**Q** 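Can you keep this structure in mind? I'll have questions shortly.
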Amino acid sequence: MAARKVDHLLIGGGLACANCARWLREEGADGDILLVGREPDPPYNRPECSKGYLRGEESRQDASFRPAQWWGEQGIELLTRTSVTALDPENRVAKLSSKEEVQFGGALIATGANVRRLNVDGCDLEQIHYLRAFGNADAIRAGVADAEEVVLIGGSYIACEVAASLTLMGKHCTLLMQEQITLERGFGREAGAFFQGLLESHGVTVHSADELARFEGSGRVAKVISAGGLELPAQAVVIGAGVSPDVMLAQKAGLEIGERGGVRCSSRLQSSVPGIYAGGDICECESSVHDGAHVRIEHWDVAFNHGKTAALNMLGQDVPHEVVPYFYSVFADWGELEYVGPAYSWDREVLRGSMADGAFTNWYLQDGRVRGALTFGRSQDLDDARRLLREKRTLSDGDIAALGDLDSDLAALGSSGGGS
Ligand SMILES: Cc1cc2nc3c(=O)[nH]c(=O)nc-3n(C[C@H](O)[C@H](O)[C@H](O)COP(=O)(O)OP(=O)(O)OC[C@H]3O[C@@H](n4cnc5c(N)ncnc54)[C@H](O)[C@@H]3O)c2cc1C
């Protein structure tokens, strides 16, 4: 028999659980809420780890989800430095690393993701870093203090953002990636080339279509050797080779795992076990924007909104998660990309505005339907992009041409305009 009982147990100290706690209270939950998180800090905005916080421009407080006293004021019990080590869904009991057992009414599991580690020769040398948490950002900032050359491994947003941040801090950054073009996996060649050009124009050296073979150095890393034979000097390395959802606890508890490696959930974010919900990076839920397919998306805004939807459903409101997924990425003070979708495949891209002028929206269409939109310097297009994604209409040739015409009014497209 568990020693204590709570109404709502939130497992994971990230954004999904934090926002769930907030919405439980905002929607009138008056029972006990217990949030259990493994990290030493109260929930914070992880994206700052590659941006202002990494550069030392922001403090931990600036990046925190809510000020420290907020949790107590809300009557939410926050256990940091504590893991849930086992979950018994049948009896609704969780075991904590403190040896305490907690019986719960309902639970949200949002254990986030773990970085993919590259186990090559030399990977234990000093100043080889991964980036997921405040502590990693601190180690990188300290590690690059006396470095002139930093190598980033990876061609996606973590490597690009860190390259931009460290360049702003006066380091010469070199990016080594498997891709031909940075960010091409998510945004295609042309848009990817725009972002690569942005990095290069600020002095980042990019080596594409190659990969890490090993590290060399004595004690501390001194060189990165690529499979293609490059020898890149480096006094520090940051690896951004992707993440995998941390479903260990969920899997052990017998929750169903989906094809994308996450906790398979309904559109209400309920897992295969009634009363246990999942959110954020581990959540593989039915998505209305994606025609009911199960998707798993590792974005800040998605975790944030999952937290709210989970809270409403934990309170019995029976609401589907219908927020169009949104992503942003910041390249130091050079600009910010924003994206709605994601488009998992597309057969046509339509450009609105001009990449040369640094203000554009790139539309991704499949069979005449908008599946995603990437914007740089044109945030004003995002609401129409969201609407078009929700409407799921097949656009006429005229409407598709209008997407790319700066003189056309996007608000007139789709249901509010012609459309086919
Ligand atoms: C450096 C960096 C920059 C990013 N930048 C962007 C960006 O610009 N835009 C964007 O959209 N997204 C960005 N992201 C992604 C975004 O931060 C994540 O999608 C989001 O944080 C996911 O939230 P979450 O609540 O699912 O998981 P997390 O934030 O990972 O939180 C999960 C927490 O649960 C804890 N935990 C795990 N297992 C247990 C357990 N058994 N018991 C207790 N606690 C446990 C973990 O330690 C962790 O603290 C970035 C991520 C990183 C790392």
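On a predicted model such as this, the values are computed, not experimentally measured, just so you know. Just so it is clear, the values below take in all heavy atoms, side chains as well, and ignore hydrogens, waters and symmetry mates. Note that ligands are numbered from 1 as they come in the structure, with each ligand's atoms numbered from 1 the same way.
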**Q** Indicate, with yes or no, if the rings of Phe187 and Tyr364 have centres closer together than 6.0 Å.
**A**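 Not under 6.0 Å, so no.
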
**Q** Quick one: list whatever passes salt bridge (Lys or Arg N to Asp or Glu O under 4.0 Å) with Asp318, sequence neighbours left out.
**A**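 For Asp318, the residues satisfying salt bridge (Lys or Arg N to Asp or Glu O under 4.0 Å) (neighbours in sequence not counted) are Arg268.
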
**Q** Quick test: of every protein heavy atom, which one is nearest to atom 7 (C) of ligand 1, and how far off is it to 0.1 Å?
**A**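 Heavy-atom neighbour on the protein nearest atom 7 (C) of ligand 1: Tyr328 O, 3.2 Å.
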
**Q** Side chains of Tyr53 and Arg60: is there a donor and an acceptor less than 3.5 Å apart?
**A**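 Yes, because at least one side-chain N or O of Tyr53 sits under 3.5 Å from a partner of the opposite role on Arg60.
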
**Q** When you measure from atom 47 (O) of ligand 1 to each heavy atom in Arg132, Arg38, Met248, which option holds the nearest one?
**A**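 The nearest heavy atom belongs to Arg38.
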
**Q** Between Ala16 and ligand 1, which part of the residue brings a heavy atom under 4.0 Å of the ligand: side chain, backbone, both or neither?
**A**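 Both the backbone and the side chain of Ala16 come within reach of ligand 1.
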
**Q** Which protein heavy atom lies closest to atom 1 (C) of ligand 1, and at what distance to 0.1 Å?
**A**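 So the nearest neighbour among protein heavy atoms is Ile158 CD1, 3.5 Å.
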
**Q** Taking the non-hydrogen atoms of Val330, is any one of them nearer than 4.0 angstrom to ligand 1?
**A**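 No, Val330 has no heavy atom closer than 4.0 Å to ligand 1.
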
**Q** Going by the angle between their ring planes, with limits at 30° and 60°, are His290 and Tyr344 parallel, tilted or perpendicular?
**A**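 Judged by the thresholds at 30° and 60°, the geometry between His290 and Tyr344 is tilted.
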
**Q** Using a 4.0 Å cutoff against the non-hydrogen atoms of Ala110, which atoms of ligand 1 qualify?
**A**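 Going through ligand 1 atom by atom, the ones under 4.0 Å from Ala110 are 32 (C), 34 (O).
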
**Q** Give a yes-or-no answer on whether the side chains of Trp346 and Glu349 include a donor-acceptor pair shorter than 3.5 Å.
**A**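 Yes, because at least one side-chain N or O of Trp346 sits under 3.5 Å from a partner of the opposite role on Glu349.
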
**Q** Would you say the side-chain atoms of Arg352 pair up with the backbone N or O of Leu403, donor to acceptor, closer than 3.5 Å?
**A**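 Looks like yes, one N/O pair under 3.5 Å.
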
**Q** What verdict does the side-chain hydrogen bond (donor to acceptor under 3.5 Å, both in side chains) test give for Ser329 and Glu336, after you've listed the backbone C-alpha separation in whole Å, the side-chain angles of each residue and the deciding distance to 0.1 Å?
**A** CA-CA 6 Å; Ser329 182; Glu336 175 180 359; over 6 Å; no

**Q** Find all atoms of ligand 1 within a distance of less than 4.0 Å from any non-hydrogen atom belonging to Phe327, and give their numbers and elements.
**A**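 Near Phe327, the atoms of ligand 1 are 9 (N), 10 (C), 11 (O).
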
**Q** Once ring-ring contact (aromatic ring centres under 6.0 Å, His included) is applied, what residue pairs with a partner in residues 152-173 remain, sequence neighbours excluded?
**A**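 Found Tyr157-Phe327.
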
**Q** Judged on heavy-atom distance to atom 26 (O) of ligand 1, which of Asp281, Val115, Thr80, Ile11 sits nearest?
**A**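 Considering heavy atoms of Asp281, Val115, Thr80, Ile11, the nearest to atom 26 (O) of ligand 1 sits in Asp281.
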
**Q** Could you list which atoms of ligand 1 come closer than 4.0 Å to a heavy atom of Gly13?
**A**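 So the atoms of ligand 1 that pass are 33 (C), 34 (O), 35 (C).
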
**Q** Counting only heavy atoms not in Gln61 (residues, nucleotides, ligands), do more than 12 fall under 6.0 Å from its CD?
**A**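 No, not enclosed.
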
**Q** Do you see a donor-acceptor pair shorter than 3.5 Å between the side chains of Gln180 and Ser208?
**A**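 No, because no side-chain N or O of Gln180 sits under 3.5 Å from a partner of the opposite role on Ser208.
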
**Q** With backbone taken as N, CA, C and O and side chain as the heavy atoms from C-beta onward, which portion of His306 lies under 4.0 Å from ligand 1: side chain, backbone, both, or neither?
**A**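 His306 to ligand 1: no contact under 4.0 Å from either part.
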
**Q** Using distance alone, with no hydrogens and no angle criterion, decide if Glu338 and Ser379 have a side-chain donor and acceptor under 3.5 Å apart.
**A**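 There is such a pair (donor and acceptor under 3.5 Å, judged by atom type) between the side chains of Glu338 and Ser379.
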
**Q** Contact between ligand 1 and Tyr157 is defined here as a heavy atom of the residue under 4.0 Å from a ligand atom; is it met?
**A**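 Yes, Tyr157 has heavy atoms under 4.0 Å from ligand 1.
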
**Q** Could you tell me, atom by atom, which parts of ligand 1 come under 4.0 Å of a heavy atom of Ala303?
**A**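 Counting from 1, the qualifying ligand atoms are 22 (C), 23 (O).
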
**Q** Starting from atom 5 (N) of ligand 1, what is the nearest protein heavy atom, named by residue and atom, and what distance separates them?
**A**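 Looking at atom 5 (N) of ligand 1, the protein heavy atom closest to it is Lys51 NZ, 3.1 Å.
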
**Q** Check this for me - ligand 1, Leu249, N or O atoms closer than 3.5 angstrom, yes or no?
**A**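 The answer is no, given that Leu249 and ligand 1 share no N or O pair closer than 3.5 Å.
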
**Q** Is there a nitrogen or oxygen of Arg46 sitting under 3.5 Å from a nitrogen or oxygen of ligand 1?
**A**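 By distance alone, the answer is yes.
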
**Q** Near Val36, which atoms of ligand 1 are under 4.0 Å from a heavy atom of that residue?
**A**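 With Val36 as reference, the close atoms of ligand 1 come out as 43 (C), 44 (N).
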
**Q** Can the ring centres of Tyr44 and Phe134 be said to be less than 6.0 Å apart?
**A**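 Distance test on ring centres: under 6.0 Å, yes.
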
**Q** Regarding Asn305 and Tyr326, do their side chains bring together a donor and an acceptor under 3.5 Å, going by distance alone?
**A**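 Judged by distance alone, the side chains do not pair up.
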
**Q** Taking N or O atoms only and a 3.5 Å limit, does Gly280 qualify as a polar contact for ligand 1?
**A**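 By distance alone, the answer is no.
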
**Q** May I ask you to identify the nearest protein heavy atom to atom 3 (C) of ligand 1, giving residue, atom name and distance to one decimal place in Å?
**A**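 Here the closest protein heavy atom is Ser50 OG, 3.3 Å.
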
**Q** What is the closest protein heavy atom to atom 39 (C) of ligand 1, and at what distance does it sit?
**A**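 Protein heavy atom with the smallest distance to atom 39 (C) of ligand 1: Thr111 CG2, 3.6 Å.
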
**Q** Checking His294 against Arg260 for the side chain to side chain contact (heavy atoms under 4.5 Å, CB included) test, could you report, in this order, the C-alpha distance in whole Å, the side-chain angles of both residues, the deciding distance, and whether it holds?
**A** CA-CA 8 Å; His294 279 73; Arg260 293 172 186 266; 5.8 Å; no

**Q** Quick one: which ligand 1 atoms are inside 4.0 Å of a heavy atom on Ser83?
**A**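 Numbered from 1, ligand 1 contributes 42 (N), 43 (C).
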
**Q** So which protein heavy atom does atom 27 (O) of ligand 1 come closest to, and at what separation?
**A**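 Nearest neighbour among protein heavy atoms for atom 27 (O) of ligand 1, to 0.1 Å: Gly112 CA, 3.3 Å.
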
**Q** Please determine whether a side-chain nitrogen of the Lys or Arg among Glu77 and Arg4 lies less than 4.0 Å from a carboxylate oxygen of the Asp or Glu.
**A**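 Here Glu77 pairs with Arg4 in a salt bridge, since their nearest N and O are under 4.0 Å apart.
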
**Q** Give yes if a backbone or side-chain nitrogen or oxygen of Tyr326 is under 3.5 Å from a nitrogen or oxygen of ligand 1, and no if not.
**A**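 Checking ligand 1 against Tyr326, no N or O pair falls under 3.5 Å apart.
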
**Q** Any atoms of ligand 1 less than 4.0 Å from a non-hydrogen atom of Thr82? List them with their elements.
**A**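 Answer for ligand 1: 43 (C).
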
**Q** Among all protein heavy atoms, pick the one closest to atom 16 (C) of ligand 1 and tell me residue, atom and distance.
**A**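 Scanning the protein heavy atoms, the shortest distance from atom 16 (C) of ligand 1 goes to Trp300 N, 3.7 Å.
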
**Q** Nearest to atom 4 (C) of ligand 1, what protein heavy atom do you find, and at what distance?
**A**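 Result: Pro47 CA, 3.4 Å.
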
**Q** Report, in ascending order of atom number, the atoms of ligand 1 lying under 4.0 Å from any heavy atom of Leu131.
**A**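 This gives 1 (C), 53 (C) as the contact atoms.
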
